[in-house]
Amino acid sequence: MKTIFAKSVPGRCAWEIESDAPGAADMLPAGLLRKAPPRLPECSELDVVRHFTGLSRLNYSVDANFYPLGSCTMKYNPKFTEYVAALPGFSRLHPMLAQLSRGAACTQGALQCLHETERWLCELTGMKAFTFQPMAGANGEFTGVKLIAAYHKARGRTRKKMLIPDAAHGTNPASAALAGFETVNIESRDGMVDPEALMAALAAHGEDVAGLMMTCPNTLGLMEVHLPRIVEELRKVDALLYYDGANMNAIMGKMRVGDVGFDVVHLNVHKTLGTPHGGGGPGAGPVGVGERLLPFLPAPRVAMREDGSYRLEYNLPQSIGYMGPFYGSFGVVVKALAYMLRLGGEGLTRASEYAALNANYLKKRLEDVLDVPFARRFCAHEFVASAPEGMRALDIAKALLDRGFHAPTIYFPLIVKECLMAEPTETESKETLDAYVDALREIVAQGKADPQSLTDAPVSLPVRRMDETAAARQMVLTEDMA
Amino acid sequence: MPYIPHTPDDLQEMLSVVGVRTLDDLFADIPPDMRPQSFNLPKGQGEAAVCAYFEDLAAKNSPDMISFLGAGYYAHQIPRAVDALAGRSEFYTAYTPYQAECSQGTLQAIFEFQTAVSRLMDMDCANASVYDGGTALFEAAMMAVRATRRRVLVVDEAVNPVWRVMLGTYISSLDLELKTVRQRDGVSDLAGLVAAVDDSCAAVLVQNPNFFGAVADYTELFAAARAHKAFGVISVYPVMQAVLRTPGEMGADVAVAEAQSLGQPLSFGGPYLGVMACRKEHIRQFPGRIAGRTTDLDGKTGYVLTLQAREQHIRRAKATSNICSNQALCALRALIHMSLLGPTGLTRVAENNMALARYAVERLTALKGVELLNDAPFGNEVALRLPIPAEPLVDMLTSHGCVPGYPVGRYYPGMENVLLLACTELNSRRQIGFLAETVGGLL
């Protein structure tokens with residue numbers, strides 16, 4: 001499709017405000033002005049509407065396709081939460097209003113939203129408090145490891161090592177590095193953190209270990225059976241335990257991370273709590289802490305006065321500072337609260353139960369189609385499988401696209417060869433899962449009979465396989481770099 | 001069961017395929033002593049009840065007061081078409097475009113966004129966006145730190161304090177030093193900044209217009225930075241950028257912005273949109289997602305995420321950033337907003353806002369004891385010195401349904417009498433008249 005710039009016609013303008021203002025040259029010295037207007041598209045409103053409607057139709061999405069992308073929790077996003085977040089009482093509210101003493105009175109509803117969401121998340125996770133400042137999951141990880149650093153610093157020690165299992169998301173080591181930690185890789189055995197590897201790392205680095213970042217259930221979709229021992233060993237050296245909330249949709253109502261020994265957790269509300277993924281964002285990554293990390297939370301925090309009104313607390317002497325400009329992705333957090341209120345505690349538990357049912361059902365039905373490791377264990381909300389011998393995960397993924405399904409996550413985690421990691425979520429019906437199984441069965445049969453035909457896929461989408469090498473080499477990143 | 005389609009028959013059949021009796025059997029790996037010690041959450045409610053709950057909460061806020069509050073975040077008109085198009089669920093219920101063939105809509109939109117940002121900034125290229133203006137500033141600083149292998153960041157005190165405190169927090173665990181050059185009466189100290197840049201400096205960070213609304217030309221500063229092989233980084237206000245001298249013309253290495261003003265509602269602090277543009281030679285230091293144009297097997301033009309060797313899922317601890325997403329939907333909104341306004345619309349908005357700010361200055365400085373804080377050129381935002389502390393005045397006016405601006409003393413001790421006032425097309429001459437009369441009555 002032509003770009004919006006290619007559709008531009010000089011002199012068209014969709015949207016011009018009524019104004020009798022003089023030109024900029026009459027208001028500012030010439031040396032401070034740009035030489036020519038920015039070359040933005042010049043289009044009619046209909047041009048713009050047609051263009052973006054056209055673009056939207058080139059996408060797969062949860063609303064149009066089964067989207068079993070592992071570790072991403074592509075569940076259905078209830079429509080009413082969009083209405084709620086767009087209420088003018090929220091959407092038109094300037095964040096700095098809340099900082100002014102009279103202004104805070106004008107933002108009570110918004111502050112109450114944050115306070116109420118914090119109460120829900122605390123009960124859901126068993127943590128003591130939450131900050132909403134982190135603007136996405138990775139930003140939440142960064143916040144979490146900074147809290148761990150602050151904890152050790154307050155005890156007058158510098159600890160440099162962060163332990164990270166090899167199955168972890170790549171953001172874990174990247175976030176730890178950004179907070180000044182050196183990462184130590186902990187190998188898996190039988191799909192679990194290997195207690196021996198953990199003991200060896202603790203023996204080697206002893207009291208230089210600041211903490212361990214865990215995803216639980218892990219990215220293989222398995223519960224960590226050694227969790228109690230891991231907690232115990234870390235406690236011995238006063239190292240803290242971080243819970244990566246990417247897989248939280250697996251455990252709601254079944255396990256609370258605060259109860260089992262985690263000190264800090266980030267949640268991806270765009271995964272677990274039903275807010276849309278937006279084509280890659282915006283998300284929100286609230287971070288919860290137990291008692292030990294409470295004093296270090298970012299500023300400000302929402303506090304309730306004795307009369308039941310809300311205020312912002314900035315006086316937090318041990319706080320790590322400001323991870324975001326204000327109070328987080330408020331417009332996303334509102335949707336998460338709406339989702340929780342709609343489902344209630346029972347509904348949240350049910351979401352995890354049916355997520356596990358759908359994943360286990362799919363895993364079972366695919367055992368004679370793909371190579372499914374850990375077949376004798378239940379999976380959590382997702383599971384991994386390898387492409388059958390001689391076939392590539394990439395080809396299977398592309399063939400799925402031709403059949404109207406989004407592909408699972410492929411080549412992750414890195415420790416599974418030709419990995420396809422599927423997370424069906426609770427909102428998909430048995431019919432959809434069965435159709436997906438049939439499609440995979442057909443693809444594998446086709447791949448065995450005619451291997452070439454799979455490498456041609458997809459053939460029914462707006463484009464076929466893209467030349468990624470040329471993209472990286474030629475670096476055409478804008479219309480003007482062509 | 002809301003959003004769960006399983007009938008009782010489905011449930012029984014699926015449980016039997018899996019080989020368990022109850023749903024809870026699937027959680028056998030969580031032993032009884034690891035089950036929740038408490039789970040006291042209320043029962044779910046119907047959709048109408050939840051909506052009513054939020055309607056009540058929203059009604060407790062007062063978003064519709066007359067407001068001259070800006071300070072980096074501005075209430076602009078957003079064409080309804082932005083909501084309608086970005087509200088298409090093919091966009092908002094998709095995820096990161098890992099599978100390019102079924103994500104061409106998102107990918108092309110990112111490519112077009114990168115083009116629009118580059119042209120607005122007059123820079124070679126842009127990335128797919130980061131969380132907000134503060135993270136954009138931090139990520140730009142880190143690009144410079146990596147490229148120069150230096151550890152000193154020189155920052156103008158007139159850069160938005162919200163982003164400066166974030167920068168301080170973000171770098172606090174790294175071995176970096178922040179050297180802040182004081183502003184004078186809201187004017188950036190260009191000579192002081194030039195003097196602070198030396199061979200140990202990774203980057204100099206400035207903002208145009210600065211936090212106090214003052215517009216300047218940073219060409220000489222960036223030339224001085226280049227002479228010391230340091231980066232020149234500038235944060236801009238996208239709406240004013242329609243008329244102001246561009247980062248490219250000034251010779252900046254990286255240009256960033258909080259682009260909330262391009263089609264994002266204020267929404268009590270987020271989600272917002274951090275944009276980043278840079279010169280071509282710095283591309284490989286870019287954080288986050290970047291879309292590129294290429295061809296498919298048949299030679300047909302299409303788009304992919306590219307230069308991924310920089311990113312965390314490949315480089316892990318050695319990645320350029322831990323950011324693994326972008327504000328895709330916010331970037332889409334900004335792109336649609338810019339496409340609707342075009343060069344003419346955006347320029348007229350900037351001019352209208354500037355003209356209103358001049359009218360506000362005329363009316364307010366006519367009051368006894370109110371004067372401009374400095375004589376620097378300004379855009380649509382301006383700092384005024386009052387004869388009394390600004391914060392109580394703001395409080396009093398807020399009670400009258402009018403927020404006159406931001407009391408700067410909250411961030412700048414010693415500047416308690418300074419009020420920062422912004423005008424946009426949502427303000428009118430009539431509102432400004434009301435403001436001047438009310439302030440006049442209180443002085």
Side-chain angles (χ1 to χ4, degrees), chain A residues 13-15 19 21 24 37-38 41-42 52 55-56 58-63 84 87 89 91-93 95 102 106 108-109 135 170 173-175 177 179-180 223 256 276-282 321-322 326 329-331 344-345 347 353 356 360-361 429-430 461 463-464 471 476-479, chain B residues 5 14 18 23 26 29 36 41 43-44 54 57-58 60-63 85 88-90 92-96 101-102 104-106 115 120 125 131 169 173 243 265 267-271 292-294 296-297 302 306 312-313 316-317 319 322 325 327-329 339-340 343-344 351-352 355 395 398:
Chain A
C13 183
W15 208 82
S19 174
E42 296 182 78
F52 288 100
L55 281 188
S56 77
L58 305 180
N59 271 1
Y60 277 11
S61 63
V62 172
D63 278 10
V84 162
L87 287 166
S91 68
R92 291 186 197 160
L93 209 52
R102 286 292 165 80
C106 312
Q108 284 297 303
M135 295 163 277
S175 300
M223 274 304 299
R256 300 196 315 167
H277 284 64
Y322 298 79
F326 300 105
S329 299
F330 178 81
E353 287 177 340
N360 278 286
Y361 175 79
S429 69
K430 181 172 170 297
L461 287 161
V463 290
R464 295 184 60 204
V476 181
L477 312 181
T478 74
E479 193 90 326
Chain B
M14 292 170 80
V18 176
L23 284 167
L26 296 169
D29 281 340
L41 290 170
K43 276 195 180 338
F54 284 100
L57 281 185
K60 288 188 189 173
N61 301 322
S62 321
L85 292 169
R88 288 187 64 94
S89 67
E90 296 92 333
Y92 79 74
T93 73
Y95 201 20
T96 304
E101 300 88 340
C102 68
Q104 285 297 301
T106 296
T115 303
L120 186 63
C125 54
Y131 308 131
T169 301
S173 336
V243 298
S267 200
F268 201 52
R293 179 187 274 165
T294 184
D296 74 357
L297 279 174
T306 191
Q312 49 73 33
H313 60 286
R316 296 179 78 86
N322 71 329
S325 58
Q327 300 289 87
L329 198 69
S339 300
L340 287 164
T344 312
E351 288 168 345
N352 166 276
D395 280 341
T398 303

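Naming: A, B, ... by sequence-line order, numbering from 1 per chain.
- Of the listed residues (A:G344, A:P37, A:A174), the greatest number of heavy-atom pairs within a distance under 4.5 Å of chain B belongs to A:A174.
- Using a 4.5 Å cut-off between heavy atoms, B:L85 contacts chain A through its side chain alone, with no backbone atom that close.
- In terms of non-hydrogen atom pairs under 4.5 Å with chain A, the most contact-rich of B:S89, B:G302, B:C125, B:P36 is B:P36.
- With a threshold of 4.5 angstrom between heavy atoms, B:T398 approaches chain A through side-chain atoms but not through N, CA, C or O.
- Between chain A and the options B:G292, B:A319, B:P265, B:S339, the largest number of non-hydrogen pairs under 4.5 Å is found for B:S339.
- Note on A:G331, A:G279, A:S175, A:G321: by heavy-atom pairs under 4.5 Å with chain B, the leading option is A:G279.
- Contact tally against chain B (heavy-atom pairs below 4.5 Å) for A:L55, A:L58, A:V62, A:N59: the top residue is A:N59.
- Contact count against chain B (heavy-atom pairs under 4.5 Å) is highest for A:G280 among A:G89, A:G280, A:A177.
- Interface summary for chain A: among B:Q327, B:E351, B:E101, the most heavy-atom pairs under 4.5 angstrom belong to B:E101.
- Contacts of B:S325 with chain A are made by both backbone and side-chain atoms, with heavy-atom separations under 4.5 Å.
- In this structure, the side-chain contact (heavy atoms from CB on, under 4.5 Å) partners of A:Q108, at least two apart in sequence or on a different chain, are A:L111, A:S309, A:Y310.
- Each of A:T478, A:V476, A:L87 has some count of heavy-atom pairs under 4.5 Å with chain B, and the biggest count is that of A:T478.
- Looking at residues two or more places apart in sequence or on another chain, you find a side-chain contact (heavy atoms from CB on, under 4.5 Å) between A:S56 and B:R88, B:E90, B:F91.
- Most heavy-atom pairs under 4.5 Å with chain B, from the set A:P95, A:A21, A:A14, A:G345: that is A:P95.
- For B:L120, the parts lying under 4.5 angstrom from a heavy atom of chain A are both the backbone and the side chain.
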